[in-house]
Amino acid sequence: MSQDGPPETIGLEAFDSALMAVVITDGPEHRIVYTNASYRRMFGDLPVGVPVREVFPDLTQTAYFDLLDRVLATGRAEVLTAAPAASTRMGAEDQPACISCSVSRLTSADGTHGTLVACLAVTEQLTATEQIRTVSEVRRRALLRYASLVTAGSQVIWVMAPHGGVVERSPGWERMTGQSWEEYRGDGWAEVIHPEDRETVVRDWYRALAEVPHRFTVSYRVRTVDGSYRHVAVEAAPVIDGDEVLEWVGTCKDVEQDWQEARREELLARASAATAGIVRLEEMLLSLTHVVVPDVADSCTVYLLPQALPHPGVTQSTERVAATTRPGLPELPPHREEHLSPGSPLALAVERRAPVHAVFPPGSPPASLTPPGTEPWLASGANSVIILPVLVEGTVAALVTASVSGNRSPLGRPETELLRLVLKQAHGPLRSALEYQRTKQVALALQRSLLTDPPDLPDLELAVRYRPSNAAAEVGGDWYDSFEPAEGTLVLTIGDVTGHDLPAAVTMSQLRNMLRGLALDGRGSTGDVLRRLDLSVQTLYLECTATCILGRVERAATGRFTFHYSVAGHPPPLLVEADGAARFLTAAHDPLLGLIPEPHYDSAVDELPGGSTLLLYTDGLVERRGEDIDASLERLRRHASNAVRLPLGDFCDALLTRVPAANGDDDVAVVALRVPRVP
């Protein structure tokens with residue numbers, strides 16, 4: 001109900017043309033808010049914002065103020081007919097001797113009350129009936145006009161003193177924030193401003209109080225009655241009388257929906273720009289995490305899931321391929337295998353195909369988010385987390401986690417929807433990755449079906465590993481085999497047929513079976529067996545070439561072991577003793593199979609010291625583009641020497657990890673044998 005300038009600035013000019021004298025007051029003190037031209041002609045220019053009692057001190061003992069108080073208290077309109085208008089107030093052009101007036105209570109949109117007084121001078125030219133009709137009509141129209149103005153206004157209206165501090169109640173503010181009058185009066189209103197916005201808003205507001213701009217606008221987050229924060233837009237203007245600021249009047253408008261829409265559009269534009277021109281899936285996902293952090297979350301990670309997952313209740317595995325954390329928080333390693341144990345939050349998101357959302361005290365996630373035995377996966381000091389499964393053709397292709405830390409507002413439903421929209425940028429590449437995984441799993445299943453499991457030996461340790469190439473649909477020609485043709489003897493073979501396709505895999509399987517048959521008859525040396533195999537290859541498989549190692553481990557009566565072997569164009573075996581001394585076995589090395597019409601293969605024998613490890617491998621483990629093979633072999637020898645003290649399976653895994661091929665386009669097969677230590 002407060003006025004912030006001349007009548008025309010707030011739309012009250014409609015009263016100026018009325019024949020009736022109109023005055024509008026506000027609050028129990030009946031502060032004058034507005035007077036029209038007729039009223040000013042009768043009583044002079046009245047100061048805005050001053051109580052009526054101070055303007056007309058000579059009427060203090062009359063019934064006029066009782067009438068105003070009564071109408072304000074009861075809400076019932078009253079009419080005063082032909083009442084004396086005696087007043088010593090000076091400045092009026094034509095002050096009447098008596099007046100008739102109508103007094104009504106007005107209620108603004110924010111719940112505050114005031115009065116509308118319509119006065120008419122009683123003259124001999126007007127009959128009593130005409131006076132009553134005119135007063136009634138003017139009062140009715142004034143009431144309708146004022147009610148329309150207030151209804152069209154903002155839901156939250158507030159009034160502050162010239163130098164700051166709320167001085168009048170605002171029911172709209174109370175409904176929005178839940179603050180009581182005692183809590184928000186003065187500067188208490190600032191307590192519900194978001195901590196990240198509070199200092200800036202208060203500083204700018206008090207600067208405006210000092211500089212008195214024509215209009216002051218600001219946007220900030222305010223804590224609402226349900227404890228959540230929403231964005232509001234504030235507009236305020238000073239109420240000025242001459243050179244004096246009487247008060248400030250302002251409005252608050254909820255603009256949360258507009259802010260969320262603008263935020264969404266901006267994030268989607270950034271996500272589109274960040275992923276433009278990126279082909280590799282992991283690079284695209286990493287770029288999207290940079291869009292999410294820090295605008296939406298403090299930490300964002302992405303896990304890729306295999307196409308086929310075990311049934312619920314079985315531990316699952318996934319690989320984290322992207323992780324971004326805002327500066328100031330400990331970084332999470334971008335690449336790590338994560339085991340989704342049954343009942344864990346990551347596993348639940350996969351099983352339910354629905355987001356998992358949790359809010360908790362900073363740094364104190366519930367036990368359900370960190371089951372015993374699991375490795376840390378949440379960012380430091382997190383207070384909330386969203387785990388979002390990304391579905392592609394009905395299959396969970398990826399998991400995305402986002403969290404915020406410290407005193408930052410917890411993540412909620414709006415952030416979940418934002419993550420969905422941002423990740424749509426990667427939907428196409430994820431579909432391609434899913435198809436890639438399906439094709440690769442079929443190829444891998446076919447490849448492994450052509451390979452055999454090692455025998456269970458009482459006194460020898462034997463481990464095998466096979467790592468397919470990165471090409472999804474390719475099956476390679478790498479093979480390995482191990483079997484016992486007779487008691488006390490173990491045959492080891494490893495080889496590689498030229499090519500990376502289905503015919504190469506079929507040929508590989510046939511050569512492996514043929515070599516097994518030739519080695520089982522026990523006739524001849526390893527070199528003679530390879531010679532017969534080469535003749536068979538040149539007869540049955542024209543234009544086929546292959547590399548191979550054929551080895552035979554024999555147990556002597558003394559309990560020691562010897563290794564008899566022949567090599568056809570294959571990287572040499574590596575012998576690593578228990579103390580780490582390592583050397584390649586190069587005594588027997590001949591051209592590959594299928595190359596020479598009259599082949600000949602040498603045989604060699606080396607003792608296997610107690611506790612030593614023998615390693616056979618294919619060229620995919622060592623070959624690198626642009627690197628000399630001797631440098632590659634030396635790297636393998638050095639890493640094998642350092643890893644020989646590990647259990648045999650871990651020894652193989654360490655070599656596959658530490659000696660990766662440069663391009664990943666070739667298969668890798670590994671066979672490792674460890675003999676017992678000599679007592």
Determine, stepwise, if the pair Glu247 / Val249 fulfils side chain to side chain contact (heavy atoms under 4.5 Å, CB included).
-> CA-CA 7 Å; Glu247 58 192 8; Val249 179; 4.3 Å; yes
Which pair of non-hydrogen atoms, one from [X] and one from [Y], has the smallest distance, and what is that distance?
X	Y	result
Leu411	Ala402	CD1-O, 3.3 Å
Ser299	Thr325	OG-OG1, 3.8 Å
Ser170	Val156	OG-CG1, 4.0 Å

Side-chain touch [X]/[Y], heavy atoms, less than 4.5 angstrom:
X	Y	result
Val222	His231	no
Thr301	Tyr303	yes
Met160	Trp189	yes
Arg465	Leu656	yes
Leu305	Val350	yes
Thr251	Val234	no
Leu346	Thr401	yes
Val404	Asn383	yes

Please report the C-alpha distance between Val212 and Val245 in whole Å, then the side-chain angles of each, then the deciding distance to 0.1 Å, and finally whether the side chain to side chain contact (heavy atoms under 4.5 Å, CB included) criterion is met.
-> CA-CA 8 Å; Val212 192; Val245 177; 3.8 Å; yes
Starting at [atom1] of [X], measure out to [atom2] of [Y] and round the result to the nearest 0.5 Å.
X	Y	atom1	atom2	value
Thr200	Arg203	OG1	CZ	4.5 Å
Arg420	Thr416	CZ	OG1	7.0 Å
Arg413	Ser228	CZ	OG	12.0 Å
Leu646	Leu655	CG	CG	9.0 Å
Arg198	Arg221	CZ	CZ	11.0 Å
Ser104	Leu116	OG	CG	6.0 Å

After noting the C-alpha distance and the side-chain angles of Val50 and Val48, does the key distance pass the side chain to side chain contact (heavy atoms under 4.5 Å, CB included) rule?
-> CA-CA 6 Å; Val50 178; Val48 174; over 6 Å; no
Between the side chains of [X] and [Y], is a donor N or O closer than 3.5 angstrom to an acceptor N or O?
X	Y	value
Trp158	Glu168	no
Asp26	His113	no
Tyr206	Asp187	yes
Tyr184	Glu174	yes
Ser409	His194	yes

Test: Arg264 and Glu417 ion pair at under 4.0 Å =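 A salt bridge is absent here (no side-chain N lies under 4.0 Å from a carboxylate O).
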Do Arg326 and Glu331 meet the salt-bridge criterion of a basic N to acidic O distance under 4.0 Å?
->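 Arg326 and Glu331: not salt-bridged.
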Run the salt bridge (charged side-chain N to carboxylate O under 4.0 Å, His left out) check on Arg223 and Glu191 step by step: do they pass?
-> CA-CA 9 Å; Arg223 188 180 66 239; Glu191 295 300 318; over 6 Å; no
Parallel, tilted or perpendicular: ring planes of Trp248 versus Trp205, cut at 30 and 60 degrees =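 Rings of Trp248 and Trp205: perpendicular, over 60°.
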List the steps and the verdict of side chain to side chain contact (heavy atoms under 4.5 Å, CB included) for Leu399 and Val302.
-> CA-CA 6 Å; Leu399 278 178; Val302 183; over 6 Å; no
